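Written below as structure tokens is the structure these notes are about.
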2 protein chains.
Amino acid sequence: MDIRTLCLGILTLEDATGYEIKKTFEGELSHFYDASFGSIYPALNRLTDEGLVTCTEHAQTGRPDKKVYAITAKGRIEFMDALSAKPRKDRIRSEFLAMLMFAGLMSSSRVAGLIDDRINDLERDIAFYEGCRDTGRNEDLFLRGFGCAIYRAERDYLIENRHMLEAEALLAGSAAE
Amino acid sequence: MDIRTLCLGILTLEDATGYEIKKTFEGELSHFYDASFGSIYPALNRLTDEGLVTCTEHAQTGRPDKKVYAITAKGRIEFMDALSAKPRKDRIRSEFLAMLMFAGLMSSSRVAGLIDDRINDLERDIAFYEGCRDTGRNEDLFLRGFGCAIYRAERDYLIENRHMLEAEALLAGSAAE
DNA sequence: AGAGTCATGTAACGCGTTACATGATTGT
DNA sequence: ACAATCATGTAACGCGTTACATGACTCT
């Protein structure tokens, strides 16, 4: 599912501007997808050319005209098609975990710092999801709960098992310090 | 951390061929990184050109010569540098979750099928990590435990909360069936 | 005064995937 | 017989990021 298709999906929920779509990617979607303006705006233009969305311009002073996009019947059909396909395997890329794979090459304080920072990030993310106001959509509630559950599991695992890597670093890490 | 750097890291653990590095990506690393031959082989050639690894060829019959790579002192220093940088935010792309965001557009049986498949995949992944033979490295043990913890949390969340989406689909999903 | 928000876009570039090419040997 | 494993590589292509360009208004 590319950004273009996801933009189409977001427009099944509500008409929106490119800017608002970006906001959505930073909200509920943030922990399992990401997209920059550089991919959203061209995607929206392409969708318009293909007749899958329509675009209504609202003049504004001092800012570029606001372009509100709405999905068409054709767009809805295309998105339904995308929903009927088998989801492909998750693609994850975690530098944090990749680095921990080499904990033995780092000093124990470096490993501890890395883990402390990660735990802080996780607490922040959990607080973010807990602080989100309710949209009234069950899907959003589900997704936020999902994010929280994963983050909590990660945090708890780190707290309970960090000693494995910090001890490792103590033994092997003299070269790095 | 690009594939090139990660290949360098893997070579700090043990000399290896491109093929064996691919295996590593499919093993301990599989749930938080991925790489194809099309990126590994060119990376290895580049690392050789840069003097960060050396390559020893072993003639074989019927197969391309086996090329065993070993990291150099310069390579080790470069990798240490990479380890001292701040890890960037995880990049996650989950089509499964993206699709669930639109559960209301699907029939309840479709949503149920999606979740059933996911739970099966998770059970398989958990079994994979539990079945891995011990490498003797604490880091590998930690990473496998991490993967299991996350997968279990995900599975449990799905089991306990799937009704939220299946009920949703029942209410809104008449159009899709 | 300076950061953040709102608002849209383009161009260059990087990184990696996918598909193709080759082919013997081993397991089911 | 057929699939999987071992083994390396190239070329085209896609997708998305990053950086740049522009600029007013509002909060601290």
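Treat the numbers as computed from the prediction; the structure is a model and nothing was measured. Letters go in sequence order (proteins before strands), and every chain restarts at 1.
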*Is the phosphate of D/dC6, meaning OP1 or OP2, less than 4.0 Å from a side-chain N or O of B/Q60?*
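B/Q60 to D/dC6 OP1/OP2: no side-chain N or O under 4.0 Å.
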*Taking CD1 from B/I40 and P from D/dC6, how many angstroms apart are they, rounded to a whole number?*
14 Å
*Which whole-number value in Å describes the distance from B/D65 CG to D/dA7 C1'?*
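Interatomic distance, CG of B/D65 to C1' of D/dA7: 10 Å.
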Would you call [X]-[Y] a salt bridge at under 4.0 Å N-O?
X: B/D125; Y: B/R118; value: no
X: B/R155; Y: B/E123; value: yes
X: B/R46; Y: B/E50; value: yes
X: B/R137; Y: B/E28; value: no
X: A/R152; Y: B/E154; value: no
X: A/E78; Y: A/R4; value: yes

_Whichever hydrophobic residues join A/F37 through chains of side-chain contacts under 4.5 Å_ =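 Its cluster mates, by chain and number, are A/Y19, A/Y41.
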_Worked verdict on A/C55 versus A/V68 for side-chain contact (heavy atoms from CB on, under 4.5 Å)_ = CA-CA 6 Å; A/C55 172; A/V68 178; over 6 Å; no
*Name the first nucleotide and the last nucleotide along DNA chain C (5' to 3') that come under 4.0 Å of a heavy atom in chain B.*
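Boundary nucleotides touching chain B, in 5' to 3' order, are C/dG16 to C/dA24.
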*Determine, using ring centers only, whether B/F146 and B/Y129 are less than 6.0 Å apart.*
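That pair fails the under 6.0 Å test.
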*Indicate whether any N or O donor in one side chain lies under 3.5 Å from an N or O acceptor in the other, for A/T5 and A/D2.*
yes
_Intermediate values then yes/no, side-chain contact (heavy atoms from CB on, under 4.5 Å), A/F128 and A/S30_ = CA-CA 11 Å; A/F128 169 76; A/S30 66; 4.3 Å; yes
Which of [range] have a heavy atom under 4.0 Å from DNA chain C?
range: residues 2-17 of chain B; result: B/D2, B/I3
range: residues 28-39 of chain B; result: B/D34, B/A35, B/S36, B/G38, B/S39
range: residues 81-101 of chain A; result: A/R88, A/R93

*A/H31/A/Y151 under side-chain hydrogen bond (donor to acceptor under 3.5 Å, both in side chains): CA gap, chis, key distance, verdict*: CA-CA 10 Å; A/H31 83 284; A/Y151 290 148; 4.5 Å; no
*Would you sort out whether B/S84 and B/D81 count as a side-chain hydrogen bond (donor to acceptor under 3.5 Å, both in side chains), showing the intermediate values?*
CA-CA 5 Å; B/S84 69; B/D81 259 25; 4.8 Å; no
*B/V53 and B/L8: which non-hydrogen atoms are nearest, and at how many Å?*
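Smallest heavy-atom distance, with atoms named: CG1-CD1, 3.8 Å.
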*Is atom CD of B/E14 surrounded by more than 12 heavy atoms (other residues, nucleotides or ligands) closer than 6.0 Å?*
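Incorrect, the count does not exceed 12.
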*Hey, which of these two, A/K66 or A/N45, hits DNA chain C nearer its 5' end, going by closest nucleotide?*
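Here A/K66 is the residue nearer the 5' end.
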Nucleotide N/O of nucleotides 2-5 of chain D paired with protein N/O under 3.5 Å:
none

